[in-house]
There are 2 protein chains.
Amino acid sequence: MRILDSARELFAEKGFERTTIRAVAAAASVDPALVMQYFGSKRELFSQAVKVVPAPLTATDTDELVDQLLASLGLKLGGLPEGALAMMRSMLTDQAAADHVRVSLGRQIDSVGAALPAAEDPQLRAALVVTALLGVTIGHQLLGVTALREVPADHIAALLRPAIKVLAGPPG
Amino acid sequence: MRILDSARELFAEKGFERTTIRAVAAAASVDPALVMQYFGSKRELFSQAVKVVPAPLTATDTDELVDQLLASLGLKLGGLPEGALAMMRSMLTDQAAADHVRVSLGRQIDSVGAALPAAEDPQLRAALVVTALLGVTIGHQLLGVTALREVPADHIAALLRPAIKVLAGPPG
DNA sequence: CCATTCGCTCAACACTTGTTGACCCAATCA
DNA sequence: TGATTGGGTCAACAAGTGTTGAGCGAATGG
């Protein structure tokens, strides 16, 4: 739907707070009241707009796991779906978004921790892997750090891979 | 000053947008108009409140560099100054904060890139090191990722160190 | 042909925000 | 004592917000 697309785009660009119903409506060439009629509230519009199904991690060996992680954080070809960007954009300033991201990352960390070679602190190592990748994604997609702009995602992935494997634990 | 302390605290907790002059004034037991009289505008109050002098990187060898990086991103004892947290909290949703962080990270990346062993892509590797650490800090300090809470900063630093060295490039 | 529904729009409400100008009141000074 | 200054407060403004309820016009159904 046109409204959801405009909403997703604006939420990804400006975050929850700074995106107004009126702006979404204007971007979709529609009356603000219509947005309310369809979605009931700004929060609900946000929820619908950012809805994204996280691909579950199905990897068994570490190599595959790293690749799936890189992909799920947009560090391989294709980048992130705009809904995920919208969620990330708001996660530091919106309680609901923060909660969602926290449990979402938590789940991912649990998966990764379970899949890690039985090093010490698998849960902690997993958390570091995931948050480190999150940081790269933020710098790349949300902050536009200049040294990362225009760098193809695979190149980034290639440089990250060995470091992640070290962080994941002693080679099993 | 009491106003600046309250402002810093609130900015760090809620970000620029969601922190109101009235809330800052109330927290400092002061009239909102007085805050304006002292600082002229909310933006200026923010600037003064988050002002923080980034410790320059003076390291020569990689080990020392990594330690300084960990420290400057709050991953060693002491955590980050509240002003830095406030800046980071707002960086995804406030243009001015985003600009500030981008150039600040850019500077840090340049320093790190210059100090790296002459691997290929030193600038890019430096950017990945810095943003990865940024991500861990966000997860730890701003998002409260459960697997990272209550973990002493040195422990985190210890696990990160080897991975960072790998990411920084082939051992010189 | 009239009544009714349904998608949509308009204008407005209630509230919050940053910001300002008039004002007050105690201390200073002549 | 009387005038003046200066730190501090009060009430208000103008703009922007999410949200709502009355109403419009066209399609639908009898």
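Computed from heavy atoms alone, side chains included, the values below leave out hydrogens, waters and symmetry copies. Predicted model, so just to flag it, every value in this text is computed and none were measured. Just so it is clear: chains get the letters A, B, ... in the order the sequence lines come, proteins before strands, and each one is counted from 1.
A/T137 places a side-chain N or O within 3.5 Å of a backbone atom of A/L73 that can act as its donor or acceptor partner. Side-chain N or O atoms of A/D121 include none that pairs as donor or acceptor with a backbone N or O of A/L124 at under 3.5 Å. With hydrogens and angles disregarded, no donor-acceptor distance shorter than 3.5 Å links the side chain of A/R149 to the backbone of A/G144. Between the B/Q141 side chain and the B/G79 main chain, no donor and acceptor come within less than 3.5 Å of each other.
For the pair A/R43 CZ and D/dG18 C1', the interatomic distance rounds to 12 Å; values are reported in whole Å. The CZ atom of B/R22 sits 13 Å away from the C1' atom of D/dT9 (whole-angstrom rounding). Regarding A/F46, its CZ atom lies at a distance of 14 Å from the P atom of D/dG18, rounded to whole Å.
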- Query: When you check every protein heavy atom under 4.0 Å of nucleotides 23-28 of chain D, what one-letter string (B, S, -) results, 5' to 3'?
  - Reply: ------
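Applying the side-chain contact (heavy atoms from CB on, under 4.5 Å) test to B/A163 and every residue at least two apart in sequence or in another chain returns A/V166, A/L167.
At a threshold of 4.5 Å between non-hydrogen side-chain atoms, the residues B/P81 and B/R8 do not count as touching. A/H140 places none of its side-chain heavy atoms less than 4.5 Å from the side chain of B/T131. Counting heavy atoms from C-beta on, the side chains of B/L134 and B/M88 come closer than 4.5 Å. No side-chain heavy atom of B/L85 sits under 4.5 Å from any side-chain heavy atom of B/R89. No side-chain heavy atom of A/L80 sits under 4.5 Å from any side-chain heavy atom of A/V52.
Looking at B/L4, B/T19, B/V50 one by one, the single match for side-chain contact (heavy atoms from CB on, under 4.5 Å) with B/L45 turns out to be B/L4.
Taking a 6.0 Å sphere around CZ of A/R102, one finds it holds more than 12 heavy atoms contributed by other residues, nucleotides or ligands. More than 12 heavy atoms of other shown residues, nucleotides or ligands fall within 6.0 angstrom of atom CZ in B/R43.
Non-hydrogen atoms lying under 4.0 Å from DNA chain D are contributed by A/A33, A/M36, all within residues 23-37 of chain A. A heavy atom closer than 4.0 Å to some atom of DNA chain D occurs in no member of residues 11-20 of chain B.
Chain A approaches DNA chain C over the interval C/dC8 to C/dA12, counting the first and last nucleotide 5' to 3' with an atom under 4.0 Å from its heavy atoms.
Across its full length, the helix from C/dC1-D/dG30 to C/dA30-D/dT1 shows an angle of 30° between the axes of its 5 terminal pairs at either end, rounded to 10 degrees.
Taking the six-membered ring where the residue is Trp, B/F16 and B/F11 present parallel rings, their angle staying beneath 30° rather than reaching 60°.
As judged by a 4.0 angstrom heavy-atom cut-off over every strand, B/Y38 is placed among residues touching the sugar-phosphate backbone only.
Counting only N and O atoms by type, the side chains of B/E17 and B/T93 include no donor and acceptor under 3.5 Å apart.
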